[in-house]
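Just so you know, ligand 1 is whichever comes first in the structure, and atom 1 is the first atom listed for that ligand. Predicted, not measured: the structure shown is a model, and the values here were computed from it.
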Amino acid sequence: MCNPANQTILSSGNHHKDAIPWQIFFLPEIQAIWIFTSIAVFVAIHSLRQRKQHGLPVWPVIGMFPSVVFALRGDIYEWISDILCRTNGTFRFRGPWLTTLHYVITSDPRNLEHLLKTKFSKFPKGVYFRDTMQDFLGDGIFNADDEVWRRQRKTASLELHTAEFRNLTTQSLFELVHCRLFPVLEDSITNFVPIDLQNVLLRLTFDNVCMIAFGVDPGCLSRGLPETPFAQAFEDATEFSVLRFLIPMTMWKVMRFLNMGTEKKLNKSIREVHEFADEVIRARKKELSLYSGENKRPLSDLLTVFMGLKDDEGKPYSDKFLRDICVNFILAGRDSSSVALSWFFWLLDKNPAVQDQIFSEICGIVGERDESNNMGEDSIVFRPEEVKKMEYLQAALSEALRLYPSVPVDFKEVIEDEVFPDGTVLQKGEKVFYAIYAMGRMESIWGKDCREFKPERWMKDGRFMSESAYKFTAFNGGPRLCIGKDFAYYQMKFVAASIIYNYQVKVVENYPVVPKLALTIYMKYGLKVTLSRRT
Ligand code: HEM
């Protein structure tokens with residue numbers, strides 16, 4: 001047996017016959033390969049070393065783009081959180097040359113206060129957002145800045161704090177939970193079929209916000225969970241509008257002009273939403289013309305309130321503007337509470353001790369009832385003053401929103417050169433993303449246990465304690481703080497307490513629960529649960 005070393009020795013005698021002649025290394029082709037490989041290795045090492053300084057590798061021409069493509073295959077929110085933790089809360093994303101994909105991403109509460117409050121007027125929603133959403137949202141509150149935004153905000157906030165509005169919400173929530181949600185849950189128990197809780201809750205809040213905005217109930221939440229064309233058109237219009245943010249503007253504008261691809265579908269769904277809204281406005285005008293003087297429509301809703309107001313020139317608002325107001329309000333309030341509730345029930349499934357504590361809090365509150373005051377209800381209907389007392393439940397909902405904020409990322413445009421409190425220099429025209437999801441996972445903000453679900457962090461001496469809006473930004477902050485916040489808490493508490501008091505909710509074993517990449521942090525595959533009645 002001869003070993004390879006021996007073979008080499010034996011063959012070395014006739015090397016001039018088999019070996020590669022050394023002159024080959026001077027061939028121009030080989031030299032070009034050498035130079036190319038050396039440059040590639042140098043660039044790769046240099047780009048990868050930039051990760052330390054900039055948070056991600058920066059490649060020539062394509063910038064940080066490859067990392068995003070890679071990250072999109074996994075959980076993009078966790079990916080952003082990881083980078084922000086490594087870069088002390090702020091980093092600059094560099095996209096490919098000659099594109100607009102260059103952003104500053106931050107989760108630093110000091111920067112958020114600067115952005116949302118201190119220098120509010122320098123960071124509007126901006127032209128880019130407005131242009132992209134204009135076809136769907138028009139001049140409604142979500143898509144407006146300056147005076148157009150201010151006037152809608154003032155009127156809508158006033159409306160949301162009236163006694164009529166409180167009556168409307170109490171009445172509509174009773175109806176939705178007791179007459180519509182419970183029968184659907186009962187069907188699932190009787191038929192032994194797990195139910196997608198996210199889907200059911202989405203239907204509930206969609207019906208609820210339509211009642212508030214339009215004074216109309218689309219009936220999405222009812223037995224058999226029917227398809228409702230208006231809700232479907234609204235869903236499609238939102239999804240296809242958001243798609244525009246991922247496509248270069250010129251491209252979707254050409255597609256819109258040619259009425260093709262996703263733009264064709266968007267056009268169709270927007271038309272359906274607008275037709276529905278126009279019909280409601282026509283009918284309401286007719287109805288209101290029947291009332292006169294002191295004789296007013298009994299139930300107040302946003303559309304009716306705005307119909308009674310006048311614009312700058314003393315004229316009633318145009319039908320288009322009324323439509324924009326309602327469509328924007330529905331967009332703002334249709335899914336954020338239901339998605340938050342879905343994550344909340346999933347977290348309860350993982351933390352049964354918290355669920356028990358919420359249940360005992362509710363039982364304690366119900367136990368204080370004066371029975372002589374009981375209106376002979378079949379099932380317990382929580383009264384507004386009882387819902388208010390459910391402080392541990394409020395803490396648990398806030399904790400769910402801290403970890404899974406319904407709007408995981410939001411953004412603003414920079415209209416003048418600025419400097420953030422952490423020293424980041426911002427240039428006019430740049431976009432700033434604030435990563436609300438990542439903020440819930442920063443030790444620097446919430447401490448070492450930031451990833452744990454601990455409602456107790458919101459409680460002090462047995463009372464719920466709120467947090468600064470720049471640390472807990474789930475409802476935004478500053479002048480654009482969510483105007484539905486108080487209502488959303490009431491709605492979520494009423495729905496959660498009613499379910500928890502009557503049922504035990506169990507997530508189907510090994511059910512995949514992951515966030516979807518969208519404006520709202522939906523669960524990608526919904527939340528399949530089984531229910532059992534509490535005895
Ligand atoms: C858990 C539930 C909710 C969460 C987490 C939430 C969160 C937010 C956030 C983050 C914004 C700022 C969005 C932006 O400007 O880009 C916002 C704005 C807004 N929200 Fe909510 N929201 C919730 C429920 C509601 C509900 C139920 C309503 C309506 C009844 C509502 C009405 C609005 C309106 C009208 C705005 C626009 C405010 C403005 O631009 O001045 N929200 N909300």
Side-chain angles (χ1 to χ4, degrees), residues 112 115-116 120 123-126 129-130 132-133 137 139-161 165-166 168-169 172-173 176 201-202 204-214 242 245 301-302 306 324-344 394 397-413 431-437 439-440 469-470 472-496 519-522:
L112 261 84
L115 181 85
L116 299 174
F120 172 72
F123 299 101
K125 286 247 164 153
F129 187 85
R130 208 165 31 254
T132 311
M133 299 300 281
L137 299 180
D139 297 320
I141 187 165
F142 232 70
N143 207 29
D145 285 312
D146 307 322
E147 212 33 53
V148 183
W149 162 74
R150 202 163 288 119
R151 181 139 9 97
Q152 287 180 68
R153 172 143 187 129
K154 200 169 151 206
T155 312
S157 314
L158 283 176
E159 165 63 7
L160 259 61
H161 291 98
F165 178 77
R166 270 197 295 277
L168 175 71
T169 52
S172 61
L173 275 170
L176 279 168
L201 293 169
L202 279 166
L204 186 151
T205 51
F206 189 80
D207 285 351
N208 202 192
V209 79
C210 286
M211 290 173 183
I212 292 165
F214 276 148
V242 171
F245 286 102
D301 56 71
L302 217 60
F306 273 95
D324 291 347
I325 291 168
C326 295
V327 167
N328 277 256
F329 209 78
I330 294 174
L331 181 75
R334 95 197 159 105
D335 57 6
S336 16
S337 322
S338 37
V339 167
L341 279 170
S342 306
W343 288 104
F344 165 79
Q394 176 141 357
L397 285 163
S398 306
E399 183 66 348
L401 275 164
R402 183 183 73 81
L403 287 168
Y404 295 96
S406 309
V407 180
V409 180
D410 210 336
F411 94 99
K412 300 275 182 194
E413 212 166 285
K431 292 177 199 79
V432 178
F433 280 87
Y434 44 114
I436 308 172
Y437 178 96
M439 290 176 80
Y470 312 106
F472 173 62
T473 316
F475 290 97
N476 219 29
R480 278 196 109 130
L481 178 82
C482 167
I483 52 174
K485 183 180 170 190
D486 292 346
F487 166 66
Y489 267 118
Y490 182 77
Q491 186 190 46
M492 290 188 293
K493 285 169 83 177
F494 187 88
V495 174
L519 279 189
T520 313
I521 194 165
Y522 292 100

### Query
Relative to the ring of F487, is the ring of F165 parallel (under 30°), tilted (30 to 60°) or perpendicular (over 60°)?
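F165 vs F487 ring planes: perpendicular.
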### Task
Report the C-alpha separation of Y489 and S398 in whole Å, then their side-chain angles, then the decisive distance to 0.1 Å, and conclude whether the side chain to side chain donor-acceptor pair (under 3.5 Å) test is met.
CA-CA 9 Å; Y489 267 118; S398 306; 2.8 Å; yes
Is any side-chain heavy atom of [X] less than 4.5 Å from a side-chain heavy atom of [Y]?
X: M211; Y: L176; answer: yes
X: M439; Y: Y470; answer: no
X: F206; Y: I330; answer: yes

Which of the ligand 1 atoms, numbered from 1, are nearer than 4.0 Å to a heavy atom of [X]:
X: F487; value: 27 (C), 30 (C)
X: W149; value: 39 (C), 40 (O), 41 (O)
X: A474; value: 5 (C), 7 (C), 10 (C)
X: F329; value: 29 (C), 30 (C), 35 (C)
X: S406; value: 5 (C)

### Task
Calculate, to the nearest 0.5 Å, the distance between atoms SG and CG belonging to C326 and D301 respectively.
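It is 7.5 Å, given to the nearest 0.5 Å.
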### Task
Look up atom CG in L160 and atom CG in L168, then write down how far apart they are to the nearest 0.5 Å.
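Nearest 0.5 Å value for the CG-CG distance: 10.0 Å.
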### Query
What about W343 and Y437, are their ring centers closer than 6.0 Å?
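Ring centres of Y437 and W343 not closer than 6.0 Å.
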### Query
What do you reckon, are the aromatic ring centroids of F329 and F142 less than 6.0 Å apart?
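Judged by ring-centre distance (under 6.0 Å), F329 and F142 do not meet the cut-off.
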What protein heavy atom lies closest to [atom]? Include the residue and the distance to one decimal.
atom: atom 36 (C) of ligand 1; value: F142 CE1, 3.9 Å
atom: atom 15 (O) of ligand 1; value: K125 NZ, 3.0 Å
atom: atom 40 (O) of ligand 1; value: R480 NE, 2.9 Å

### Query
What protein N/O/S atoms sit under 2.8 Å from atom 21 (Fe) of ligand 1, by chain and number?
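C482 SG, with waters left out.
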### Task
Please determine if R153 has a nitrogen or oxygen closer than 3.5 Å to a nitrogen or oxygen of ligand 1.
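Yes; at least one N/O pair falls below 3.5 Å.
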### Query
When only distance counts, is S337 in polar contact with ligand 1, meaning an N/O pair under 3.5 Å?
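Looking only at distances, the answer is no, because the N/O contact criterion of under 3.5 Å is not met.
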### Query
Is it true that Y489 lies under 4.0 Å from ligand 1, counting heavy atoms only?
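Outside the 4.0 Å threshold, so no.
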### Query
Quick one: does D410 get a heavy atom under 4.0 Å from ligand 1?
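Yes.
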Acceptor/donor pairs from residues 405-412 side chains to any protein atom, 3.5 angstrom cut, sequence neighbours excluded:
| unit_1 | atom_1 | unit_2 | atom_2 | d |
| --- | --- | --- | --- | --- |
| S406 | OG | S336 | O | 2.9 |
| D410 | OD2 | Y434 | OH | 3.3 |

### Residues which pass side-chain contact (heavy atoms from CB on, under 4.5 Å) with S338, listed by chain and number, not counting sequence neighbours
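Scan of S338 (side-chain contact (heavy atoms from CB on, under 4.5 Å), adjacent residues dropped) gives L201, L202, T205, D335.
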### Task
Tell me, please, which residues at least two apart from D145 pass salt bridge (Lys or Arg N to Asp or Glu O under 4.0 Å).
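D145 satisfies salt bridge (Lys or Arg N to Asp or Glu O under 4.0 Å) with R130, R480 only.
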